[in-house]
Amino acid sequence: MKKLVAIIVAMGLLGAGAYAALMNSRSGQDFLLEQAIQTQVAAALKPYDFVGLEVMVCGSSSPLPDPTRAQACIMVRAGDQMFLIDSGSGSNTVLQANGAPYQLMRGLLLTHFHSDHISGIGDMNLASWVAGRPEPMLVMGPQGVEKVVAGYNMAFELDRGYRTLHHGENLMPAALGVIQARTIEPGVIHNAGGLKITAFEVDHSPIKPAFGYRFDYLGRSVVVSGDTVVSKGLERAATDADLLLTDALSHKLIHSLARAATLAGADKRAQVLRDVLDYHVDTRNLDGLAARSNIRQVALYHLVPPTRNAIMEKIFTRDIATNVVMTHDGMRFWLPANSDEIRVN
Ligand SMILES: [Zn+2]
Ligand SMILES: [Zn+2]
């Protein structure tokens with residue numbers, strides 16, 4: 001990257017004429033292309049020397065559309081184990097654009113089966129298959145996960161055949177393209193290599209069951225709420241957590257959107273908006289959660305609605321007195337082992 005910046009700075013010094021010469025000649029274009037690609041690939045293949053929990057927001061939005069955000073998705077990496085929580089539309093693009101280590105993927109954990117949590121499963125399966133994950137993609141979730149996975153396997157059966165036919169069994173082994181499902185119950189669902197994952201029930205009524213997940217690794221902990229209201233179950237599961245990623249809803253913003261829809265005569269849209277008010281974490285109820293559960297840092301994702309400018313963001317967070325992080329796609333949290341530190345970038 002430094003090399004590329006130096007070239008651009010040098011071009012700036014040389015002036016517009018030299019810049020135009022590079023941009024408009026085949027050899028100049030090829031030179032810039034090679035530099036950019038080599039820099040990116042080298043960065044992606046750099047040895048991983050971080051010890052601790054790494055979290056990436058691979059989807060910060062909800063069903064309400066936002067062209068700059070994918071739907072629900074969180075990546076958690078602990079050493080050579082990578083897990084994904086939910087797979088909303090567009091999340092695979094965020095993962096690939098931000099260099100997610102798909103080859104290390106150990107499982108996809110579904111919180112529940114609303115479309116904004118499952119619609120990217122086909123893309124994730126293909127991307128991790130191409131990246132060389134050594135086992136079939138394992139999708140875990142509450143009762144119902146087998147049905148979702150069976151549907152995806154059926155829908156992508158022809159596509160799987162094309163991939164193996166085109167690239168060969170060696171490169172795209174047919175058996176690794178078929179998704180595996182595992183129904184889980186609340187409790188510890190994974191305990192290996194120092195990483196413990198615990199599933200817990202949340203309150204997304206009338207959607208049942210709905211889970212959240214807690215990750216504990218080398219003295220650090222991350223909790224992903226899934227879709228829920230603030231509940232005793234969430235508070236218990238998040239006790240002493242370093243980082244809680246929680247879904248979040250702004251009552252004021254949704255109410256204003258619903259009223260605007262009513263005034264414009266879009267009654268169905270207005271009713272759908274009012275219906276979502278009672279099954280997400282209302283930001284007015286967030287205050288005190290961090291203190292009650294002794295959570296070091298709360299971060300908001302699955303934004304309902306996704307904030308698209310500074311004024312929306314101000315309104316979204318104005319009822320929360322404690323410090324919270326509003327996430328965006330590609331945002332990473334780094335929790336070094338056995339420390340109190342949380343780095344965000
Ligand atoms: Zn939901
Ligand atoms: Zn959702």
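Numbering of ligands and ligand atoms starts at 1, following listing order.
- With respect to Asp159 and Arg163, a salt bridge is recorded, a charged nitrogen being found less than 4.0 Å from a carboxylate O.
- Proximity of Met56 to Val76: side-chain heavy atoms (C-beta onward) are nowhere separated by under 4.5 Å.
- Shown here are the protein N/O/S atoms lying under 2.8 Å from the Zn ion (ligand 2), water excluded: Asp116 OD2, His117 NE2, Asp227 OD2, His302 NE2.
- We find that Glu341 and Arg343 are joined by a salt bridge, their nearest charged nitrogen and carboxylate oxygen being less than 4.0 Å apart.
- Salt bridge present: Arg220 and Asp242 bring a charged side-chain N and a carboxylate O closer than 4.0 Å.
- Here NE2 of His251 is found 10.0 Å from OG of Ser256. Values are rounded to the nearest 0.5 Å.
- Comment: Arg269 does not engage Asp267 in a salt bridge, judged by the lack of any side-chain N to carboxylate O separation of less than 4.0 angstrom.
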